[in-house]
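Take a look at the structure below.
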Amino acid sequence: MSSSLILRSTLSKALIKSSLIRSSTQVRQSTSDRFAYVPGGPIYKGTVNDPTTFPPPSKTHGSYHWAFERLVSAALVPMTVAAFATSGTNYPIFDGILGLTLIIHSHIGFDSSAVDYLHPRKFSVLGPIVKWTLRAATVGTMVGVYQFNTNDIGLTELIAKVWAA
Amino acid sequence: MLYSIQTQSLKPEDGTTILNKQRLQRPSSPHFTIYEPQLTWVGSIFNRITGVGLGFLLYGFSLAYLVAPGTFDSAHVIEFVNGLPDAVKYTGKFILALPFSFHSWNGIRHLLWDSGKFLTVTGAYSTGYAVLGATAISMLVLMFQ
């Protein structure tokens, strides 16, 4: 009795092992095949029932982007406090760095909103248009802030003067 | 009886097109309109709205200065603001101080979450109320400076 039980268990183990090998090779083949056979029927790609696509894993667009975004936001806290405390004309380089950091922070914020509401996967025409318009606008804003800080009184000074006007 | 039937010859891909056209016309259940307003998500979307608004202000002014430095330089802007009536000035200060205060304090709350603190329901609510209080105080300080 016990010997037949042992035999059955080893037989099932062998079957599981061979089926595992078979299913793993099937999975390897199915990723590159257009009509991949999996138990239940072949999978046809190119219909409306395709699952959503995911971007390839990338640290630049993943964890490094996240860390950079938090770094910029954290840096802005003491910089804003300092901008309130001093005036821009006394520390023009600091004013420039504050302006640049603010623009980078705004760009990351705008980009997150664009990706959330106008993802290129769903909006194949409007998504890329908004993405590149934002990038052009950021470059233009950087040039504009540089011009304003160089030829005029600077951002912090402007806000202080307008507030007191 | 013989009915004359008009048939239309379609390609196999047209089935997908017809299906997609029909899918666009399907109604969807209410979701955004029925979700109970809560401090969590109202604070979150308000953070985004204030951030985008302040960003538009920064980008708009910088691009306007780039395009027309004569009209948007500091002297003209200060002169224009000086000429406005007091009520408009206070309204303008309110419109600028509220988003800036809320976005700054909520940003600090966000950074606290990123460092792992207050990641509970009670933590989110207590920090949320603290942000609202700080926003009110700093907004009043900025407006009546």
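These figures come from a predicted structure and were not determined experimentally. Proteins come first, then strands; the chains are lettered A, B, ... in the order of their sequence lines, and each starts at number 1.
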Given that the side chain runs from C-beta out, which part of A/V77 has a heavy atom under 4.5 Å from chain B: side chain, backbone, both or neither? side chain
What about B/V131 and B/F118, same hydrophobic cluster or not, with Ile/Leu/Val/Met/Phe/Trp/Tyr joined at side-chain heavy-atom distances under 4.5 Å? no
Applying a strict under-4.5 Å side-chain criterion to I, L, V, M, F, W and Y, I'd like to know whether B/F46 and B/L112 cluster together. no
Taking the inter-plane angle between the rings of B/F61 and A/F148 on a 0 to 90° scale, is it parallel (under 30°), tilted (30 to 60°) or perpendicular (over 60°)? perpendicular
Hey, any chance A/I159 and B/L57 share a hydrophobic cluster, counting ILVMFWY side chains that come within less than 4.5 Å of each other, even indirectly? no
What I'd like to find out is whether the side chain of B/L142 reaches to under 4.5 Å of the side chain of A/F84, using heavy atoms alone. yes
Quick one: what part of B/L58 sits under 4.5 Å from any heavy atom of chain A, side chain, backbone, both or neither? both
Contact part of A/L76 toward chain B, heavy-atom cut-off under 4.5 Å: side chain, backbone, both or neither? neither
If hydrophobic clusters are built by linking Ile, Leu, Val, Met, Phe, Trp and Tyr wherever their side-chain heavy atoms come under 4.5 Å apart, do B/I108 and B/F102 end up in the same one? yes
Atom CZ of B/F56: over 12 foreign heavy atoms under 6.0 Å: no
Would you mind checking chain A against chain B for donor-acceptor pairs under 3.5 Å and listing them?
from   : atom 1 : to     : atom 2 : distance (Å)
A/R70  : NH1    : B/D114 : OD1    : 3.1
A/R70  : NH1    : B/D114 : OD2    : 2.7
A/S113 : OG     : B/R48  : NE     : 3.4
A/D116 : OD2    : B/R48  : NH1    : 2.9
A/D116 : OD2    : B/R48  : NH2    : 2.7
A/Y117 : OH     : B/R48  : NH1    : 3.0
A/T138 : OG1    : B/Y59  : OH     : 2.8
A/D152 : OD1    : B/S74  : OG     : 2.5
A/D152 : OD2    : B/S74  : N      : 3.1
A/W163 : O      : B/K93  : NZ     : 3.1
A/W163 : NE1    : B/L142 : O      : 2.8

With sequence neighbours excluded, tell me which residues meet side chain to side chain donor-acceptor pair (under 3.5 Å) with A/H61. A/S58
Please classify the contact between B/A97 and chain A as side chain, backbone, both or neither, with a heavy-atom cut-off of under 4.5 Å. both
Is it true that, when you exclude A/I93 itself, more than 12 heavy atoms of the residues, nucleotides or ligands shown sit nearer than 6.0 Å to its CD1? no
Looking only at heavy atoms, what is the nearest atom pair of A/A165 and B/V81, with distance? CB-CG1, 4.0 Å
Supply the atom-to-atom distance B/I78 CD1 to A/L158 CG, rounded to the nearest 0.5 angstrom. 6.0 Å
Would you kindly confirm whether A/V115 and A/F68 end up in one hydrophobic cluster when ILVMFWY residues are joined by side chain heavy atoms under 4.5 Å apart? no
